[in-house]
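The block underneath contains the structure these notes are about, expressed in structure tokens.
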Amino acid sequence: MNHRICIRSAVVDDVETIYQLLKPFAKKDIILQRNRDNIFQHLQEFLVAEYDGKLAGVVCAHIYGKNLAEIRSLVVDPDSQKHGIGRLLVEGCEQWLVGMGVTKVFALTYVTDFFARLGYCIVSKESLPHKIWTVCVHCSRFADCDEIAVEKQLSGELSDLSV
Ligand SMILES: CC(C)(COP(=O)(O)OP(=O)(O)OC[C@H]1O[C@@H](n2cnc3c(N)ncnc32)[C@H](O)[C@@H]1OP(=O)(O)O)[C@@H](O)C(=O)NCCC(=O)NCCS
């Protein structure tokens, strides 16, 4: 069976599902905790993936400046993983960021091999500017963070996100 994946901007009606998608991974400290208000306040930064019409993935891109943005809150529903949704969400963020004129994107992650397949390189966390730690200071593991920083230089190439 051919599955259809659609990547689109999040809308207010998606907030509850986004919250439910993120919650189990936030509980395991894989991503940062977000409550519903926080998702509403950052909704313009979110993309979602519909998999055969059902919301199955989410990602958020936060811009710090012309030379830097962060991919955050990347989650694909466990039942829908390994179907290319995560890749399309990250590529969707990159496309949005290129359109915004941003030249570099990074992520703090445990899935470095996933990001490597998408062209990201491991960099030292110390190379990232101090302003990115404004979110991290609210994390329970700030003092003992074992996430790995990956980054990618963005080119002007835009791709078709529908499959
Ligand atoms: C990481 C995650 C988003 C990947 O989503 P996904 O939809 O399963 O990924 P895709 O199917 O698009 O995979 C793209 C490629 O990465 C590979 N890949 C996927 N997950 C991987 C992993 N954990 N480790 C190594 N490679 C991985 C796939 O095999 C695929 O390779 P290919 O292009 O050679 O076929 C998903 O596993 C997830 O939600 N994990 C839990 C939350 C998390 O860790 N989020 C990241 C926070 S920064």
Side-chain angles (χ1 to χ4, degrees), residues 1-10 14-35 38-39 42 45-64 68-97 102 104-125 127-129 132-142 144-154 157-163:
M1 179 191 168
N2 278 341
H3 295 282
R4 179 163 170 80
I5 304 169
C6 169
I7 307 296
R8 60 167 173 81
S9 299
D14 299 324
V15 167
E16 183 59 31
T17 313
I18 293 173
Y19 173 74
Q20 297 298 342
L21 280 170
L22 296 179
K23 194 162 73 168
F25 295 100
K27 274 193 176 153
K28 290 185 204 158
D29 277 341
I30 293 172
I31 58 161
L32 277 176
Q33 182 93 43
R34 287 182 187 269
N35 59 30
N38 180 285
I39 297 168
H42 294 91
E45 300 180 346
F46 278 92
L47 293 179
V48 293
E50 284 183 14
Y51 185 57
D52 292 339
K54 177 177 167 266
L55 222 67
V58 60
V59 70
C60 174
H62 182 76
I63 298 175
Y64 290 97
L68 201 61
E70 179 180 8
I71 288 183
R72 295 174 177 168
S73 302
L74 170 64
V75 157
V76 174
D77 173 38
D79 292 340
S80 306
Q81 290 180 4
K82 298 281 167 81
H83 292 283
I85 297 172
R87 174 190 289 276
L88 287 171
L89 283 167
V90 172
E91 289 176 352
C93 278
E94 293 171 0
Q95 180 169 342
W96 180 69
L97 291 167
V102 176
K104 194 162 70 180
V105 62
F106 78 95
L108 293 165
T109 189
Y110 296 108
V111 286
T112 50
D113 289 350
F114 165 78
F115 279 98
R117 286 181 185 279
L118 275 66
Y120 285 72
C121 301
I122 293 178
V123 293
S124 86
K125 278 187 280 190
S127 71
L128 298 170
I132 76 143
W133 305 115
T134 51
V135 175
C136 297
V137 292
H138 301 296
C139 177
S140 57
R141 288 181 309 172
F142 178 55
D144 191 24
C145 175
D146 53 355
E147 284 187 313
I148 294 167
V150 293
E151 72 173 29
K152 181 179 181 178
Q153 206 71 38
L154 296 174
E157 291 168 29
L158 301 178
S159 55
D160 181 5
L161 295 175
S162 300
V163 293

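Atoms within each ligand, like the ligands themselves, are counted from 1 in listed order.
Within 6.0 Å of the CG atom in N2, the count of heavy atoms belonging to other residues, nucleotides or ligands does not exceed 12.
In terms of protein heavy-atom proximity, atom 39 (O) of ligand 1 is closest to V76 N, 2.8 Å. At the shortest separation from atom 41 (C) of ligand 1 among protein heavy atoms lies F25 CE2, 3.4 Å. Looking from atom 7 (O) of ligand 1 to the surrounding protein, the closest heavy atom is G86 N, 2.8 Å. For atom 23 (N) of ligand 1, the closest non-hydrogen atom on the protein side is V111 CG1, 3.7 Å. The protein heavy-atom contact nearest to atom 25 (C) of ligand 1 is D113 CB, 3.4 Å. For atom 11 (O) of ligand 1, the closest non-hydrogen atom of the protein is G84 N, 2.8 Å. In terms of protein heavy-atom proximity, atom 30 (C) of ligand 1 is nearest to R117 CD, 3.9 Å.
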Start with the C-alpha distance between L89 and V58, add both sets of side-chain angles, then the distance that settles side chain to side chain contact (heavy atoms under 4.5 Å, CB included), and finish with yes or no. CA-CA 7 Å; L89 283 167; V58 60; 5.6 Å; no
What's the verdict on side chain to side chain contact (heavy atoms under 4.5 Å, CB included) for F46 and S73, showing C-alpha distance, side-chain angles and the deciding distance? CA-CA 9 Å; F46 278 92; S73 302; 4.3 Å; yes
Go through the steps to decide whether L74 and F115 satisfy the test side chain to side chain contact (heavy atoms under 4.5 Å, CB included), and finish with yes or no. CA-CA 11 Å; L74 170 64; F115 279 98; 3.9 Å; yes
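Within the model, atoms CD of E91 and CG of L118 stand 5.5 Å from one another, a figure rounded to the nearest 0.5 Å. With rounding to the nearest 0.5 angstrom, the OH atom of Y110 is 7.0 Å from the CG atom of D29. Rounded to the nearest 0.5 Å, atoms CD1 (I122) and OG1 (T112) are 4.5 Å apart. Summarising the geometry, atom NE2 belonging to H62 is positioned 11.0 Å from atom CG belonging to L97; distances are rounded to the nearest 0.5 Å. Atom CD of E45 sits about 12.0 Å away from atom CD1 of I39, to the nearest 0.5 Å.
Among L47, L88, I85, the single residue meeting the side-chain contact (heavy atoms from CB on, under 4.5 Å) criterion with V59 is L47.
Against a heavy-atom cut-off of under 4.0 Å, R87 is close to the following atoms of ligand 1: 12 (O), 32 (P), 33 (O). Annotation for ligand 1: atoms under 4.0 Å from non-hydrogen atoms of T109 are 48 (S). Short contacts between ligand 1 and I30, defined as distances under 4.0 Å to a heavy atom of the residue, involve ligand atoms 42 (C), 43 (C), 44 (O). Taking every non-hydrogen atom of V75 and a distance limit under 4.0 Å, the qualifying atoms of ligand 1 come out as 39 (O). Atoms of ligand 1 found under 4.0 Å from any heavy atom of L74 (numbered from 1 in listed order, with element): 3 (C), 42 (C), 43 (C), 45 (N), 46 (C), 47 (C). Near I85, meaning under 4.0 Å from one of its heavy atoms, ligand 1 places the atoms 7 (O), 12 (O).
Under the 4.0 Å distance rule, the nearest protein heavy atom to atom 2 (C) of ligand 1 falls outside the cut-off. The presence of a protein heavy atom under 4.0 Å from atom 45 (N) of ligand 1 is confirmed.
Below 3.5 Å of separation, one finds no N or O of L108 facing any N or O of ligand 1. Backbone and side-chain nitrogen or oxygen atoms of A107 are examined, and none is located within less than 3.5 angstrom of a nitrogen or oxygen of ligand 1.
Looking at E147, K82, H83 and measuring to atom 20 (N) of ligand 1, the nearest heavy atom belongs to K82. Between K28, Q81, E70, it is Q81 that holds the heavy atom closest to atom 37 (O) of ligand 1.
For Y110, the heavy-atom gap to ligand 1 stays at 4.0 angstrom or more. Note on ligand 1: I71 sits outside its first shell, no heavy atom being nearer than 4.0 Å.
The closest donor-acceptor contact from the side chain of K152 to the backbone of E94 lies at 3.5 Å or more, if one exists at all. The closest donor-acceptor contact from the side chain of K125 to the backbone of L108 lies at 3.5 Å or more, if one exists at all.
Of the heavy atoms in F114, both backbone and side-chain atoms come closer than 4.0 Å to ligand 1.
For the pair K54 and Y51, the cation-pi criterion (under 6.0 Å, within 45° of the ring axis) is not fulfilled.
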